[in-house]
**Q** 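Next up is a structure, given as structure tokens.
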Amino acid sequence: MKTPDGQEFVKVDGPGPVRDAARAFAAAGLMFARGFWKVLITTWRLAAALDSALYRAMKLVLRRLSRASLYVARLAVAAFRSLVLWLPTRVGRAYSAFSGLTLIVAGLWIVDELRAAPGFESVDAATLRPPVDTEDPILARIEGAYVHLSEIEAAGRAARWLREEGKQKPKLGFERGGV
């Protein structure tokens with residue numbers, strides 16, 4: 001039998017090669033499925049083993065922490081008990097009196113240092129003076145803001161009261177009544 005492009009079509013008798021190919025394909029698919037299943041089961045078992053190991057480790061750590069906390073609490077109670085029993089003794093009373101005296105002296109010393117230290121309330125007027133600039137002096141203070149000569153010149157130029165090449169002098173500004 002000839003194909004439309006002129007080549008000879010050879011017919012293979014029986015389903016042998018197709019059947020063999022299908023069997024090979026099925027065998028490969030089965031091997032892939034078995035391998036995938038083994039990887040999945042191994043991963044699941046490994047995760048379960050790690051989870052079990054982590055659970056046991058956390059249980060062990062918590063048990064040891066609780067034992068250590070209990071030991072520290074017992075030590076603290078014993079130390080407090082011995083302190084309570086020691087304070088009424090002669091040495092304990094002397095120690096308490098000396099400690100109290102030391103705390104009173106230290107407190108008075110701290111209060112004296114704080115009282116002598118300069119604070120915001122005790123700032124004198126000399127520290128609140130405006131900065132001195134000979135090139136651009138401060139001419140006025142309006143609502144806490146300082147007005148410089150350069151600002152007055154800029155306002156005079158903007159209002160055309162002062163020529164562009166003109167220079168304002170502080171004395172002249174006060175004589176004219178300011179700008």
Side-chain angles (χ1 to χ4, degrees), residues 1-133 141 143-146 148 151:
M1 176 185 275
K2 289 205 175 221
T3 60
D5 59 352
Q7 294 183 357
E8 188 72 30
F9 180 71
V10 179
K11 183 178 177 188
V12 179
D13 291 332
V18 174
R19 183 179 29 196
D20 293 340
R23 284 183 185 164
F25 186 71
L30 188 60
M31 282 185 3
F32 177 75
R34 283 182 185 161
F36 181 73
W37 184 251
K38 283 185 178 183
V39 167
L40 187 67
I41 291 297
T42 305
T43 305
W44 183 267
R45 288 178 181 162
L46 180 63
L50 285 175
D51 188 39
S52 175
L54 286 174
Y55 173 75
R56 283 183 275 155
M58 285 301 296
K59 192 168 126 181
L60 180 66
V61 166
L62 288 175
R63 185 180 300 148
R64 291 209 177 163
L65 279 175
S66 65
R67 285 181 186 167
S69 299
L70 187 62
Y71 180 72
V72 168
R74 285 181 185 161
L75 279 178
V77 167
F80 185 74
R81 183 175 180 269
S82 65
L83 177 69
V84 168
L85 293 176
W86 173 75
L87 278 176
T89 65
R90 183 177 182 171
V91 175
R93 287 191 312 253
Y95 177 80
S96 297
F98 181 72
S99 298
L101 180 66
T102 304
L103 287 174
I104 289 171
V105 169
L108 289 174
W109 180 34
I110 290 170
V111 167
D112 187 51
E113 288 293 322
L114 289 174
R115 190 176 47 120
F120 290 112
E121 299 81 32
S122 65
V123 175
D124 58 341
T127 58
L128 295 177
R129 291 187 187 146
V132 177
D133 186 7
R141 182 175 169 194
E143 295 179 6
Y146 296 109
H148 291 267
E151 295 170 343

**Q** For side chain to side chain contact (heavy atoms under 4.5 Å, CB included), just list the numbers for Met58 and Leu54, CA-CA rounded to whole Å, side-chain angles, deciding distance to a tenth of an Å, and then say yes or no.
**A** CA-CA 6 Å; Met58 285 301 296; Leu54 286 174; 5.5 Å; no

**Q** Looking at Thr42 and Val39, would you say the former's side chain and the latter's main chain have a donor-acceptor pair under 3.5 Å?
**A**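 No, Thr42 side chain to Val39 backbone: no donor-acceptor pair under 3.5 Å.
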
**Q** So, taking the atom named CD in Glu113 and the one named CG in Leu108, what distance separates them when rounded to the nearest 0.5 Å?
**A**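 Nearest 0.5 Å value for the CD-CG distance: 12.0 Å.
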
**Q** Give, for atom OG of Ser82 and atom CG of Leu87, the distance between the pair rounded to the nearest 0.5 Å.
**A**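 Reported to 0.5 Å precision, the distance equals 9.5 Å.
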
**Q** In Å, rounded to the nearest 0.5 Å, how long is the span from CG of Leu30 to CZ of Phe25?
**A**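 One gets 12.0 Å once the value is rounded to the nearest 0.5 Å.
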
**Q** What's the shortest heavy-atom distance between Tyr146 and Glu151, and which atoms?
**A**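 Closest pair (atom of Tyr146, atom of Glu151, distance): O-OE1, 3.8 Å.
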
**Q** Calculate, to the nearest 0.5 Å, the distance between atoms CG and CG belonging to Asp51 and Leu46 respectively.
**A**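 If I round to the nearest 0.5 Å, the distance is 11.0 Å.
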
**Q** Closer than 3.5 angstrom, by distance alone: can the side chain of Ser69 be matched with the main-chain N or O of Leu65 as a donor-acceptor pair?
**A**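 It does hold such a pair.
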
**Q** Drop me the distance from Leu114's CG to Trp109's CH2, to the nearest 0.5 angstrom.
**A**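 Rounded to the nearest 0.5 Å, the CG-CH2 separation comes to 11.5 Å.
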
**Q** Just one of Leu83, Leu85, Val84 clears the side-chain contact (heavy atoms from CB on, under 4.5 Å) bar with Arg81, so which one?
**A**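 That would be Leu85.
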
